[in-house]
Participant: 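Before we start, here is the structure in question, set down as structure tokens.
Naming convention: chains lettered A, B, ... in sequence-line order (proteins, then strands); numbering from 1 in each chain. None of these values were measured; they are calculated from a predicted model.
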2 protein chains.
Amino acid sequence: MPSEKVEEYLEGIFKLECEEGKANVTRLAERMKVTAASASEMLKRLEKEKLVTHKGDRGHVLTARGEHMARTLVRRHRLSERFLTDVLGIGWDVAHEEACKFEHVLSPDVEKKLAEMLGNPSTCPHGFPIPDLDGKIAQTEIRRLSSFCASERGVIAEVDEEGPELLQYLSSLGLIPDARVEVKEIAPFNGPLLVKVGRSAQYALGREVASKIWMKQ
Amino acid sequence: MPSEKVEEYLEGIFKLECEEGKANVTRLAERMKVTAASASEMLKRLEKEKLVTHKGDRGHVLTARGEHMARTLVRRHRLSERFLTDVLGIGWDVAHEEACKFEHVLSPDVEKKLAEMLGNPSTCPHGFPIPDLDGKIAQTEIRRLSSFCASERGVIAEVDEEGPELLQYLSSLGLIPDARVEVKEIAPFNGPLLVKVGRSAQYALGREVASKIWMKQ
DNA sequence: ATATTTAATTAGGTAAGCCTAAGAAGATAT
DNA sequence: ATATCTTCTTAGGCTTACCTAATTAAATAT
Ligand SMILES: [Mn+2]
Ligand SMILES: [Mn+2]
Ligand SMILES: [Mn+2]
Ligand SMILES: [Mn+2]
């Protein structure tokens, strides 16, 4: 049985692979909040356990087995988030860190029953797709809000942020998955976006924040 | 933050105190499935951390702080069992070991929301009382079924067993909390009890099994 | 009182995960 | 070509939680 730490590393490597194609020591260490030395040691161990292989061009990638485990963890994480927000009424801003603990204690049977109870949801509260039992993740066409032009409109698909503060702020503006957003204006010199959420007032969003909001349609 | 291991030891010591008044190294080691050496070391550490004190008459007892932590864990364990059986439909025979993992990942907020969602239940699926937020445990008058005489009747309060096999067997006979049981006959020479559950057939129960069933009324 | 059994502790060791500090390898700049 | 970053690895240490084997302490039996 892999330890909770090993599981967290697999998840971290998987996310890095999704975002950057491969994982390197430095980026993994950052994500796991450990030193590069610690990340290097863990990668060596994961390679010995055939969960990771050393890709030629400077980087590490998960093996089939490692990737399957990672996808299972992502599924359990997002199902847990769904449960925490929908059933218990926990805020989406803290659901992530609570789910990060839950994901390691779900057995296959509990995972299955939980998914059924929730009606086999397809996304987590932040809009990310929930992998199916085989680990398959539904792909959709999405673009960053920061890439939008003035007068463009769309619907929020995903909010790519884990910290509670920003999530709390965004939900207070109604900027949550499935909200309709229209970009009214973009300030010059790479300035903030003026957006309208639903039929409420306009808000100015910094580019960094806007780049964490992924839009569909 | 206490580690999961420390939490499990606190729980083990608490149960021993309830059952035998105090915890000694040997009994604790048995319960935790470690050697006496390991249990001895852990007790030393818990004493250093002021979670346990060395009682004069051969034994260790929890401090107020240690006991409060233990009661919180028991509460989270039993709430988790309730959730697993009532909401997810997990069998009571495996709910215990699943809950043993859940109890360590519940934050105070999640614990509170979970208790509310469940309607603040007063007992776990095995009939044991759920401590309230202060750790207070409701006391009731209960007796072992094995102490019953022929023709005595009562209602099952608690089933004091953690292994899945016996629990599965007992529930197949309808021997679960709140079931009405009548002792029809007791075989001589400390023999088995012939019991009638509800209005179904009679079953012969060994004394060891009968002593794990606690009756009320 | 002495011997035996049981209970508890100590000594010494291992593995997982973390750290700092030092060194090696690669990439970039001058 | 040489110097300077950046990235990665190694060496050496620490803590937690476990182990076996040996020792000490306490209880029980003869
Ligand atoms: Mn996680
Ligand atoms: Mn999420
Ligand atoms: Mn437990
Ligand atoms: Mn129970």
Side-chain angles (χ1 to χ4, degrees), chain A residues 1-17 19-62 66 69-70 73 100-101 103-105, chain B residues 1-17 19-62 66 69-70 73 100-101 103-105:
Chain A
M1 283 298 100
S3 76
E4 188 173 313
K5 298 294 180 172
V6 165
E7 292 187 338
E8 280 295 317
Y9 272 97
L10 291 175
E11 226 183 329
I13 296 165
F14 179 71
K15 297 254 175 72
L16 280 176
E17 275 187 39
E19 292 163 16
E20 316 178 7
K22 71 203 168 197
N24 63 9
V25 173
T26 313
R27 308 284 286 112
L28 183 60
E30 273 169 31
R31 185 176 275 265
M32 305 306 296
K33 298 183 202 299
V34 297
T35 60
S38 300
S40 179
E41 281 167 357
M42 180 58 93
L43 278 169
K44 194 163 59 180
R45 178 181 154 198
L46 293 177
E47 273 166 34
K48 203 174 65 193
E49 289 179 20
K50 299 257 183 287
L51 294 168
V52 163
T53 50
H54 207 111
K55 204 52 173 297
D57 50 335
R58 244 24 29 240
H60 304 75
V61 288
L62 294 169
M69 284 172 60
L73 286 159
C100 224
K101 297 180 286 177
E103 69 195 18
H104 305 289
V105 303
Chain B
M1 283 297 102
S3 77
E4 188 174 313
K5 297 293 180 174
V6 164
E7 292 187 338
E8 281 294 318
Y9 272 97
L10 291 176
E11 226 184 328
I13 297 165
F14 180 71
K15 297 252 174 78
L16 280 177
E17 275 186 39
E19 292 163 16
E20 317 179 7
K22 70 202 170 201
N24 62 10
V25 172
T26 313
R27 307 284 288 113
L28 183 59
E30 272 169 31
R31 183 176 276 265
M32 306 305 295
K33 298 182 203 301
V34 296
T35 60
S38 300
S40 179
E41 281 168 355
M42 180 56 94
L43 279 169
K44 195 163 60 180
R45 178 181 155 199
L46 293 176
E47 273 165 35
K48 205 174 66 193
E49 288 179 21
K50 299 259 184 283
L51 294 167
V52 163
T53 50
H54 207 112
K55 205 53 172 301
D57 51 335
R58 254 354 60 225
H60 304 77
V61 288
L62 294 168
M69 284 172 60
L73 286 160
C100 223
K101 298 180 286 176
E103 69 195 19
H104 305 288
V105 303

Participant: Could you please name the option among C:dC18, D:dT9, D:dC18 that lies closest to any side-chain atom of A:Val25?
Facilitator: D:dT9
Participant: For the side chain of B:Met42, counting heavy atoms from C-beta on, which of C:dA8, D:dC18, C:dC18 is nearest?
Facilitator: D:dC18
Participant: Could you check which of C:dT10, D:dT10, D:dC18 has an atom nearest any side-chain atom of B:Tyr9?
Facilitator: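 Out of C:dT10, D:dT10, D:dC18, the nucleotide with an atom closest to B:Tyr9's side chain is D:dC18.
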Participant: Nearest whole angstrom, please: distance from the P of C:dA8 to the CG of B:Leu43.
Facilitator: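 Computing the B:Leu43:CG to C:dA8:P distance gives 10 Å.
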Participant: I want to check one thing: is the phosphate of C:dA8, taken as OP1 and OP2, less than 4.0 Å away from some side-chain N or O of B:Lys44?
Facilitator: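 For C:dA8, OP1/OP2 do not have a side-chain N/O of B:Lys44 under 4.0 Å.
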Participant: Let me know, please, whether B:Lys48 or B:Ala37 comes out on the 5' side of the other along DNA chain D by nearest nucleotide.
Facilitator: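 The 5'-side residue here is B:Lys48.
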Participant: Side chain of A:Glu7, backbone of A:Leu73: donor and acceptor closer than 3.5 Å?
Facilitator: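 Not at all, since once roles are kept as given, no pair shorter than 3.5 Å links the two residues.
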Participant: To the nearest Å, how far apart are B:Met32 CE and D:dC18 P?
Facilitator: 7 Å
Participant: Counting only heavy atoms not in B:Lys15 (residues, nucleotides, ligands), do more than 12 fall under 6.0 Å from its NZ?
Facilitator: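 Count over threshold, so yes.
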Participant: Can you tell me how far P of D:dT15 sits from CD of B:Glu4, to the nearest Å?
Facilitator: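 So the CD-P distance, B:Glu4 to D:dT15, works out to 22 Å.
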Participant: Counting heavy atoms from C-beta on, name the nucleotide in C:dC19, D:dT20, C:dA8 closest to the side chain of A:Glu41.
Facilitator: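 Nearest nucleotide to the side chain: C:dC19.
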Participant: Whole angstrom is fine here: how far is it from CD in B:Glu20 over to P in C:dA7?
Facilitator: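 Result: 12 Å.
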Participant: May I ask you to decide whether B:Glu41 forms a salt bridge with B:Lys44, counting only side-chain N to carboxylate O separations under 4.0 Å?
Facilitator: no
Participant: Looking at A:Lys101, I'd like to know if its NZ atom is crowded, meaning that more than 12 non-hydrogen atoms belonging to other residues, nucleotides or ligands lie closer than 6.0 Å.
Facilitator: yes
Participant: Among C:dC18, D:dT9, C:dT9, find the nucleotide with the atom closest to the side chain of B:Ser40.
Facilitator: C:dT9
Participant: Could you check how far CD of B:Glu49 sits from P of D:dT15, rounded to whole Å?
Facilitator: 13 Å
Participant: Between B:Leu16 (CG) and C:dA7 (P), how many Å, whole number?
Facilitator: 14 Å
Participant: In whole angstroms, how far is the P atom of C:dA15 from the NZ atom of B:Lys5?
Facilitator: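 After rounding, the reported distance stands at 17 Å.
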Participant: So does A:Thr35 get a side-chain nitrogen or oxygen closer than 4.0 Å to the phosphate oxygens (OP1/OP2) of C:dC19?
Facilitator: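 Checking A:Thr35 against C:dC19: at least one side-chain N or O falls below 4.0 Å of OP1 or OP2.
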Participant: For B:Thr26, answer base if it contacts any base atom (sugar-phosphate contacts may also be present), sugar-phosphate if it contacts only those atoms, and nothing otherwise; contact means non-hydrogen atoms under 4.0 Å.
Facilitator: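 Sugar-phosphate, no base atom in range.
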Participant: For A:Glu7 and C:dA16, what is the distance between atoms CD and C1' respectively, to the nearest whole Å?
Facilitator: 15 Å
